[in-house]
Every structure is written in structure tokens, then in C-alpha cells.
Amino acid sequence: MISPKERIRYSRQIMLPQMGEGAQAKLAKARVMVVGVGGLGCPVALYLATAGVGTLHLVDGDSVELSNLQRQVLYKTNHVHKPKVVMAAQQLQAANPEMRIVPHQRNASEKWLATNMASIDLVLDCTDNQKIRKVINRVCQQNKVPVIMASVQGFSGQLITLDYRLPDSPCYSCIFPNAEQQQGTSCNSSGVIGPALGVIGSAQALEAIKLLAGLALGSLNTLQLFEGETLEWRRLSLGSRRCETCADQKEGVH
Ligand SMILES: [Zn+2]
């Protein structure tokens with residue numbers, strides 16, 4: 001049930017016909033993991049915390065660097081050299097003391113993700129690394145946990161949701177068959193404009209709130225592409241693509 005204080009704090013979203021107290025109660029029960037608290041993870045975590053997601057796990061082994069402050073909006077100049085998850089947890093808890101933040105000061109590994117996935121309802125992949133993205137997807141698929149992935153380079157960003165709770169969900173390899181060749185590209189080595197991360201991170205948080213509230217998504221099995229130079233969105237529906245592994249599994253059913 002929602003307390004009188006929560007009813008006031010979340011009143012502007014509770015009054016929406018799509019949300020209501022039922023959706024708010026679902027958010028309060030939700031356990032969400034944000035992997036990577038950088039340019040995307042900062043706005044994602046902030047909007048999920050202020051929206052009243054019950055438990056937010058933050059996973060990042062990095063410390064704040066001076067060059068992060070141009071885009072990683074949770075961090076202040078006096079946070080430089082301090083652990084990101086600790087600083088982020090402080091900021092988020094100040095924004096909303098009613099919810100639980102669990103900082104994990106470490107990089108996500110397959111083993112660690114697998115042992116922690118049993119108590120997670122939704123993963124937000126806010127990393128900038130193809131290798132760990134594949135690992136996150138594999139663990140989410142094995143544990144039937146939905147994942148919302150996003151990335152931004154330069155002025156352009158992309159976003160997609162895969163809901164592994166659904167028996168026919170495509171996997172990461174179905175959607176990105178050439179991901180092997182893209183390894184190594186990351187925000188560390190290429191430039192990125194801060195507000196494009198804000199746009200994509202906000203879209204990622206919006207999809208997360210809708211998924212947890214049980215609303216329809218615009219990014220389910222659909223790659224949403226944002227071009228910051230022209231402010232244009234494009235969408236590619238990829239749900240019917242099947243990688244070899246998934247095609248074999250599907251044939252096996254018949
Ligand atoms: Zn597949």
C-alpha cells in the first residue's frame with residue numbers, strides 16, 4: 001500500500017490515467033539493476049530513484065574523473081577520485097530517502113551477475129562496452145530477466161528492450177549478429193555530447209517505468225535510433241530476426 005507521504009511525493013505521476021496507485025505500488029516493489037553509472041547510468045538512476053523504484057542496485061567499479069563531469073550529471077567537482085557508486089548513492093538517497101539504494105563497487109562479471117540475478121526484476125545496461133553487454137544479455141536470458149540496453153556515441157544514440165520473460169523473445173545475437181566485430185568501441189576512446197546521453201538515458205528510464213508499470217513499450221524488439229544533429233528518431237523493428245541458436249531452439253519446439 002502507498003503511504004500518505006508517498007501519495008504526495010508521487011502525486012504528479014499517480015494522477016496519470018496510465019499509472020495510478022496500482023502502478024506506483026508496482027514501482028515500489030521493483031528491484032532494478034543499473035550496470036554502469038556513467039553518462040547513461042546517471043540520468044537513468046536519477047529518474048528511477050525519483051519515480052519511486054523500490055530498490056536500485058548500482059554496479060560500477062570506476063572512480064569519478066574530471067573528464068566525466070561534462071556528461072555524468074550525478075557527480076560534482078569535489079567527487080573527483082571518489083568511487084562512482086558511493087557518490088551516486090549519496091545523491092540519489094538525498095533525492096529520495098524513501099527508497100533503497102545498493103551500491104556495488106565492482107565491475108560486472110558473468111559469475112557475479114548470475115549469482116545476483118535471482119533478486120532482480122529488470123536490468124538497465126548502461127555500459128559502454130560490447131563484451132560486457134553480451135555477458136549481461138546471456139545472464140538475463142538464462143534468468144528470464146528483461147533488459148533495456150542503450151548506447152551513445154558522438155551525437156547519436158540507440159535504445160532497445162529485450163523481454164526475456166517472453167518465451168519467443170529474440171536474444172542479443174538475433175538483434176546484433178555482427179556485435180563481435182564492434183568490440184572495443186567505447187566512450188573512453190570516442191567523443192560524446194552530454195545532452196544526447198540525457199535524451200537516451202531519459203528514454204531508457206521512461207521505458208523502465210513503463211515496463212515495471214505493465215504498460216506497452218516503444219522499444220520492445222525495436223531499435224530506436226536518435227540523431228542529435230537533426231533531432232530525428234528512427235525505428236527498426238527487429239523482432240522477427242533469429243540467430244542460429246534461437247532458430248534451432250524454435251525448430252525443436254515443433
Ligand atoms: Zn538469438
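In this text, all values refer to a predicted model and were calculated from it rather than measured experimentally. As a basis for the values below, the full set of heavy atoms in this structure was taken, side chains included, without hydrogen atoms, waters or symmetry mates. Indexing begins at 1, ligand by ligand and atom by atom, following the structure's order.
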Does His104 have any ring pair (Phe, Tyr, Trp, His ring centres under 6.0 Å) partners at least two apart in sequence or in another chain, and if so, which?
-> His57, Trp112
Any donor-acceptor pair under 3.5 Å from Glu229 side chain to Ser156 backbone = no
With distance as the sole test, does Ser11 use its side chain to make a donor-acceptor pair with the main-chain N or O of Ile8 at under 3.5 Å?
-> yes
Is Glu227 paired with Arg234 through a side-chain N to carboxylate O contact shorter than 4.0 Å?
-> no
Excluding sequence neighbours, so at least two apart, what forms ring pair (Phe, Tyr, Trp, His ring centres under 6.0 Å) with Phe226?
-> Trp233
If you look only at pairs with a residue in residues 117-127, which of them pass as a salt bridge (Lys or Arg N to Asp or Glu O under 4.0 Å), with sequence neighbours excluded?
-> Arg31-Asp121, Asp125-Arg133
Can you list the protein N, O or S atoms less than 2.8 Å from the Zn ion (ligand 1)?
-> Cys171 SG, Cys174 SG, Cys243 SG, Cys246 SG
